Amino acid sequence: MPPPPLAPEGPGPVPYGYPGGPVGYPGPGGPGYGYPSPPPPYGGAPGPYGWYGGAVESNGMGVAALVLGIASAVLFCMWPLAIIAGILGVVFGSVGRGKARRGEASNAGQALAGIICGAVGIVLGIGLGVLLIVQP
């Protein structure tokens with residue numbers, strides 16, 4: 001059986017996914033498939049995992065401050081280690097807050113929590129150290 005004759009204006013639109021003339025983007029099947037053209041490019045849209053091509057935030061100081069501050073407050077029974085970790089937590093938290101103030105980081109609250117926990121760890125460590133050294 002022969003195919004039906006063509007209309008005077010042409011064969012008409014090709015259904016999606018069927019071979020046809022080269023219409024825009026060739027798609028995964030190669031040229032000749034009727035895939036629509038890709039959308040025009042536009043700027044400012046974030047790519048995968050939040051990478052948008054701008055400045056990369058450096059939140060490491062705030063995270064380190066929080067980890068060291070919590071460790072110094074929780075592990076104050078090892079008072080020399082707690083004092084050192086607390087001091088590092090306060091220092092890293094101060095640097096992290098400065099970065100957040102300049103817009104280089106987005107975790108100012110995390111850095112502040114690291115400063116607070118580090119200070120609590122220092123106080124607890126010094127208090128326990130004094131209690132153990134002074135006690136007869």
Side-chain angles (χ1 to χ4, degrees):
M1 175 182 240
L6 293 177
E9 57 271 346
V14 177
Y16 181 75
Y18 286 94
V23 180
Y25 182 68
Y33 286 89
Y35 290 97
S37 298
Y42 57 93
Y49 305 108
W51 291 91
Y52 53 89
V56 177
E57 295 177 345
S58 59
N59 292 331
M61 286 292 180
V63 172
L66 185 61
V67 168
L68 287 169
I70 290 173
S72 70
V74 170
L75 302 174
F76 73 93
C77 292
M78 297 183 279
W79 61 273
L81 183 64
I83 293 171
I84 293 170
I87 290 171
L88 289 175
V90 169
V91 169
F92 286 168
S94 300
V95 172
R97 292 278 292 181
K99 283 188 174 193
R101 202 172 300 119
R102 289 189 304 269
E104 298 172 8
S106 63
N107 60 347
Q110 202 170 19
L112 179 63
I115 293 171
I116 293 169
C117 290
V120 168
I122 292 170
V123 169
L124 288 174
I126 290 174
L128 185 64
V130 167
L131 182 67
L132 291 176
I133 292 172
V134 172
Q135 188 178 24

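Here the structure is a predicted model, which is why all the values come from computation and not from measurement.
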Q.
Between I122 and V130, is there shared hydrophobic-cluster membership here, with clusters defined by ILVMFWY side-chain heavy atoms closer than 4.5 Å?
A. yes
Q. Any side-chain heavy atom of W79 sitting closer than 4.5 Å to one from I133?
A. yes
**Q.** Closest heavy-atom pair and its distance - A73, C117
**A.** CB-O, 3.9 Å
Q: Identify the residue among V63, L68, I70 that makes a side-chain contact (heavy atoms from CB on, under 4.5 Å) with L66.
A: I70
Q | Single-linkage hydrophobic cluster, 4.5 Å side-chain cutoff, I87 and I126 together | A | yes
Q: Check F76 against A82 and note the closest heavy-atom contact, atom names and distance.
A: CA-CB, 3.6 Å
Q) Is there a chain of hydrophobic side chains (I, L, V, M, F, W, Y, each step under 4.5 Å between heavy atoms) that links L81 to V74? A) yes
Q) Once you round to the nearest 0.5 Å, how far does SG of C77 lie from CG of L124? A) 9.0 Å
Q) Quick one: do I83 and V134 end up in the same hydrophobic cluster if we chain Ile, Leu, Val, Met, Phe, Trp and Tyr together by side-chain heavy atoms under 4.5 Å apart? A) yes
Q: Find the distance between CE (M61) and CG (N107) and round it off to the nearest 0.5 Å.
A: 11.0 Å
Q: Indicate the atoms forming the closest heavy-atom contact of G86 with S72, along with that distance.
A: N-CB, 3.4 Å
Could you tabulate the donor-acceptor pairs under 3.5 Å formed by side-chain atoms of residues 89-98, not counting sequence neighbours?
unit_1 : atom_1 : unit_2 : atom_2 : d
S94    : OG     : V90    : O      : 2.9
R97    : NH1    : A108   : O      : 3.3

